[in-house]
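Data first, discussion second: the structure below is written as structure tokens.
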Amino acid sequence: MDGCAFKLEIEDMGARLIVVGGGIVGVTIARELVRRGHEVLLLERDSLGAAVTGASLACIGTHMNSRSEIEILKWSCRAWSELDRALGGTMEYRNSGQIRFLKRAEDRKVAEDWIAFESAAGVPSELLEPAEVRKLEPLLTGPIEAATYATNAATVTPFLAVRAIAKDAVRRGIEMRLHTPVERLATRGGAVRGVVTAEGEITADAVILAAGPWTPRIAATAGLAVPIMPRKAQCLASVGVEPAIRSVIAACESTGGVAAGYTQIQQAPSGQILFNTVLAGGLSAEGAQDHVPEVDPVFVGNSIRQLLWLFPSLAGLELLRSWVRYEAVTPDDRFLVGATAVNGLYLAAGDGGSGFGRGPAIARVIADALEDRPPPFDASVWSPLRFARTQAA
Ligand SMILES: Cc1cc2nc3c(=O)[nH]c(=O)nc-3n(C[C@H](O)[C@H](O)[C@H](O)COP(=O)(O)OP(=O)(O)OC[C@H]3O[C@@H](n4cnc5c(N)ncnc54)[C@H](O)[C@@H]3O)c2cc1C
């Protein structure tokens, strides 16, 4: 991409930038850009956090997550705790730690490999026998083989986080327009120079798309094909109960991957127990993200069975609500973050179900790319240019 004139302009006076999408990724980017002196307009079709962000379990951590992104995750974890301090503890940020349980003896090798890898990367985790797990989680009395434990995992309450970050960004000077869908990108001479909404065209030096699974549709209006598909994600919440679960509980990575029964269980500060179990992964068809269905009965049954297998004393727990949202998934399950082959168009989408943990790192990569600076970690795994299809048509 030839962005030289644009970069000079940014260095001289700060740029006029449009961020599309008011999920955790969009608001975090908007805050970082305004902190650096740019003029920022954030456009959200609905309300803040209305899509997958508000439906999240919002665990932030490095454990058993992605080897190729470990330095990014370490940076992002630290950035979240600094953000919490900077925003005065308004997100219910809690350093809960994470436990990954093993169901089968053959998964010990997988767990040990992760522990060796993470310890070498400076984010220690350890293997615990069932009796040691119960010292941390007295109610986790199910017949697990063992578990791993990482102390650095944290959680935030998603709606509080997205609002706190957006509020700080507005205080610093961003303009935010909610209920304002972007209809298409505005182009001049092949470069993106703004967006079109129902009220007309708004010009900008560059546009950053943080529109989750809707990103490909908007990018296509500037001739850019983006390989993102929606994937259904479901969750259950109990009524609030006395403190029962301290950590984020998840399954050890196993040879069956998602199909082997990925689980995440945690207790919110409100006392609600939040849990989900994915027994059959798989993408949804494009367009699924536009209609939010009820959760599948089979998902409800599987999730309850998994919860009670781990925590038998929670039998009788009353369920309060359930929800479905759509994550944005790329072919290699990693984000698309940075400049594209279309001048003036940047991507920050493709969360793969892990966008909360990565939010601050994504904001850093976008802001550095706009200013032509290298980020403090290698972000090449996120380059939108890695897929031929993201080249301009
Ligand atoms: C049950 C569940 C548990 C999860 N647990 C975790 C976890 O523990 N840790 C973790 O890191 N992640 C987790 N995730 C995933 C995480 O929530 C997402 O990765 C993250 O919220 C993605 O944020 P986003 O801003 O990219 O996308 P979104 O929240 O989808 O935001 C995109 C926004 O763009 C807006 N938009 C779309 N089209 C337009 C348009 N034309 N004009 C204007 N605006 C538009 C949408 O309305 C939406 O608000 C979980 C998700 C679920 C569902």
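Ligands are counted one by one from 1 in listed order, and the atoms in each one are counted from 1 as well. Treat the numbers as computed from the prediction; the structure is a model and nothing was measured.
Of the protein's non-hydrogen atoms, Ser56 OG, 3.3 Å is the one closest to atom 50 (C) of ligand 1. In this structure, the protein non-hydrogen atom closest to atom 23 (O) of ligand 1 is Thr53 OG1, 3.2 Å. Residue, atom and distance of the protein heavy atom nearest to atom 31 (O) of ligand 1 are Gly23 CA, 3.6 Å. Nearest to atom 3 (C) of ligand 1 among the protein's heavy atoms is Leu57 N, 3.3 Å. Of the protein's non-hydrogen atoms, Cys59 N, 3.3 Å is the one closest to atom 7 (C) of ligand 1. At the shortest separation from atom 32 (C) of ligand 1 among protein heavy atoms lies Ala210 O, 3.5 Å.
At a heavy-atom cutoff of 4.0 Å, ligand 1 is contacted by the side chain of Glu327 but not by its backbone. When non-hydrogen atoms are compared, ligand 1 lies under 4.0 Å from the side chain of Cys235 (C-beta onward) but not from its backbone. At a heavy-atom cutoff of 4.0 Å, ligand 1 is contacted by the side chain of Trp214 but not by its backbone. Counting heavy atoms under 4.0 Å from ligand 1, residue Ala58 touches it through the backbone alone.
Taking only nitrogen or oxygen atoms, main chain and side chain alike, Val182 reaches within less than 3.5 Å of ligand 1. In terms of N/O distances under 3.5 Å, ligand 1 is not approached by Pro181. Note: no N/O pair closer than 3.5 Å links Ala50 and ligand 1 by distance alone. Geometrically, ligand 1 and Ser354 share a nitrogen or oxygen pair separated by less than 3.5 Å. An N or O contact shorter than 3.5 Å links Gln264 to ligand 1 by distance. The shortest N/O to N/O separation between Ile24 and ligand 1 falls below 3.5 Å.
Cation-pi geometry between Arg358 and Trp80 is not met at under 6.0 angstrom from the ring centre and within 45 degrees of the axis.
Within ligand 1, counting atoms from 1 as listed, the ones closer than 4.0 Å to a heavy atom of Ala55 are 1 (C), 2 (C), 52 (C), 53 (C). Taking every heavy atom of Ala233 and a limit of under 4.0 angstrom, the matching atoms of ligand 1 come to 53 (C). For ligand 1 and Leu43, the ligand atoms under 4.0 Å from any heavy atom of the residue are 43 (C), 44 (N). Counting the atoms of ligand 1 from 1 in the order shown, those under 4.0 Å from a heavy atom of Asn276 are 1 (C). Here is the list of ligand 1 atoms found below 4.0 Å of a heavy atom in Gly212: 32 (C).
Using a 4.0 Å cut-off between charged nitrogen and carboxylate oxygen, Arg108 and Glu129 count as a salt-bridge pair. With salt bridges taken as basic N to acidic carboxylate O contacts below 4.0 Å, none links Lys135 and Glu132. Between Glu201 and Arg188 there is a salt bridge, since at least one side-chain N of the basic residue sits less than 4.0 Å from a carboxylate O of the acidic one.
Summarising the contacts of atom 35 (C) of ligand 1 with Arg45, Glu44, Gln234, the nearest heavy atom is found in Glu44. Among Leu48, Asp351, Ile362, Ile218, the residue whose heavy atom lies nearest to atom 18 (C) of ligand 1 is Asp351. Evaluated by nearest non-hydrogen atom to atom 28 (P) of ligand 1, the leading choice among Val52, Leu209, Thr215 is Val52. Evaluated by nearest non-hydrogen atom to atom 25 (O) of ligand 1, the leading choice among Asp46, Val25, Asn65 is Val25.
The minimum heavy-atom distance between Gly23 and Glu44, with the atom names listed, is N-OE1, 4.3 Å. Heavy-atom minimum distance, Ala15 versus His38: N-ND1, 3.0 Å.
Using a 30° and 60° split on the angle between ring planes, Phe101 and Trp309 fall in the tilted class, from 30° to 60°.
A heavy-atom separation below 4.0 Å is found between Gly353 and ligand 1.
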Report task. For side-chain hydrogen bond (donor to acceptor under 3.5 Å, both in side chains), just list the numbers for Arg334 and Thr330, CA-CA rounded to whole Å, side-chain angles, deciding distance to a tenth of an Å, and then say yes or no. Result -> CA-CA 6 Å; Arg334 290 200 298 266; Thr330 63; over 6 Å; no
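Checked by atom type and distance alone, the side chain of Gln267 pairs as donor or acceptor with a backbone atom of Glu242 at under 3.5 Å. A donor-acceptor pair is defined here as one N or O able to donate and one able to accept, closer than 3.5 Å; no such pair exists between the side chain of Gln98 and the backbone of Gly61. Remark: the backbone N or O of Thr277 is paired with a side-chain donor or acceptor of Ser303 at under 3.5 angstrom. Checking side-chain atoms of Asp351 against main-chain N and O of Glu327 turns up no donor-acceptor pair under 3.5 Å. For the pair Gln289 (side chain) and Pro213 (backbone), a donor-acceptor distance under 3.5 Å is present.
Judged by distance alone, the side chains of Ser247 and Glu137 do bring a donor and an acceptor atom under 3.5 Å apart.
How far OH of Tyr149 is from CG of Leu128: 8.5 Å, rounded to the nearest 0.5 Å.
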